[in-house]
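Let me begin by presenting the structure, written as structure tokens, before commenting on it.
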Amino acid sequence: TYDLELVQLGKTFPNGTPAVVAFDLRVEKGEFVSFVGPSGCGKTTTLRMIAGFEASTSGDILIRGRNVSDLPPERRPTSTIFQNFALFPHMTVRQNIEYGLRVRGVAAPERKRRVDAMIDRLELGDVADQRAPGLSGGQRQRVALARGLVVEPDILLLDEPLGALDANLRKSIQHQLKQLQRTIGITFVFVTHAQSEALTLSDRVVVMNRGRSEQISDPYELYTRP
Ligand code: ADP
Ligand code: ADP
């Protein structure tokens, strides 16, 4: 089975906008897939449907063979990293990371074990008890990743997570994402309007246009036969 299958997935907004049209896609476990294309082509809407933030109006979403189309976000085996990281400002780093485990009803000792492991893995020990507003950009980015990964999702969804970062920080998160892909074998779905970034990071690139998947190819093909 595939980690993710989109079957004729579609979304027409109540105002009549066909944001996503008959989208078919199969993603293998551990693959890094990017959606690219001009603003308004349907990348974010597709990602939000996979996450469960937006209901589809046709088709199905399967994760590891299970139809999740009707499940709310907290019952889907996905985590989403947003562009601005969307950390909770009134919470410490530790509390931010723990949040998803609380929502899912994980017991306190298990929460502590998993949060500690994430703090270790993403080297956040020095700032574990600080609140989000005091953190550097790189630290915020690592907290966002820790918060997403701690619930052990099958799929990590990234919505333009590098858009607002300076070049150095962008390089460092790119490196971190590739390392996570190697070490924990998680599946990535990445949305960006920066095609070069998609080419650097991805195993496969989905080019979208007007709500449709226009082309699915490996980055090498896109380089040589654009
Ligand atoms: P992005 O650049 O990430 O695609 P946009 O600026 O297009 O973001 O959209 C920002 C927010 O506004 C999103 O939550 C999107 O769902 C919503 N939005 C975009 N277009 C429309 C629209 N035509 N009508 C209502 N909401 C919209
Ligand atoms: P992208 O992420 O590729 O920039 P989006 O998925 O945000 O594109 O948007 C796809 C289309 O759906 C656009 O035409 C956008 O204006 C429209 N759209 C997005 N959100 C809404 C909304 N809440 N209501 C109506 N139209 C929307």
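Each residue takes its place number in the sequence, starting with 1. Just so you know, these numbers use all the heavy atoms, side chains as well, and skip hydrogens, waters and symmetry mates. Just so you know, ligand 1 is whichever comes first in the structure, and atom 1 is the first atom listed for that ligand.
Between Glu74 and Arg104 there is no salt bridge, since none of the side-chain N atoms of the basic residue sits less than 4.0 Å from a carboxylate O of the acidic one.
When heavy-atom distances to ligand 2 are checked against a 4.0 Å cut-off, Val191 has no atom that comes that close, whether in backbone or side chain. Of the heavy atoms in Thr17, only side-chain atoms (C-beta onward) come closer than 4.0 Å to ligand 2.
Annotation: Gly40 places an N or O atom under 3.5 Å from an N or O atom of ligand 2; distance criterion only. For a threshold of 3.5 Å applied to N or O pairs, the pair formed by Thr46 and ligand 2 contains no separation below that value.
Close contacts between ligand 2 and Cys41 involve ligand atoms 1 (P), 3 (O), 8 (O) [criterion: under 4.0 Å to a heavy atom].
Using a 30° and 60° split on the angle between ring planes, Phe23 and Phe35 fall in the tilted class, from 30° to 60°.
Side-chain N or O atoms of Ser34 include none that pairs as donor or acceptor with a backbone N or O of Val205 at under 3.5 Å.
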Under 3.5 Å donor-acceptor pairs involving side-chain atoms of residues 147-156, not counting sequence neighbours:
residue : atom : partner : partner atom : Å
Arg147  : NH1  : Ala86   : O            : 3.2
Arg147  : NH1  : Asn96   : OD1          : 3.4
Arg147  : NH2  : Phe85   : O            : 3.0
Arg147  : NH2  : Ala86   : O            : 3.1
Asp154  : OD1  : Arg64   : NH1          : 3.2

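Heavy atoms of Ser39 come nearer than 4.0 angstrom to ligand 2 in at least one pair.
Partners of Tyr99 under the ring pair (Phe, Tyr, Trp, His ring centres under 6.0 Å) rule, at least two apart in sequence or in another chain, are Phe88.
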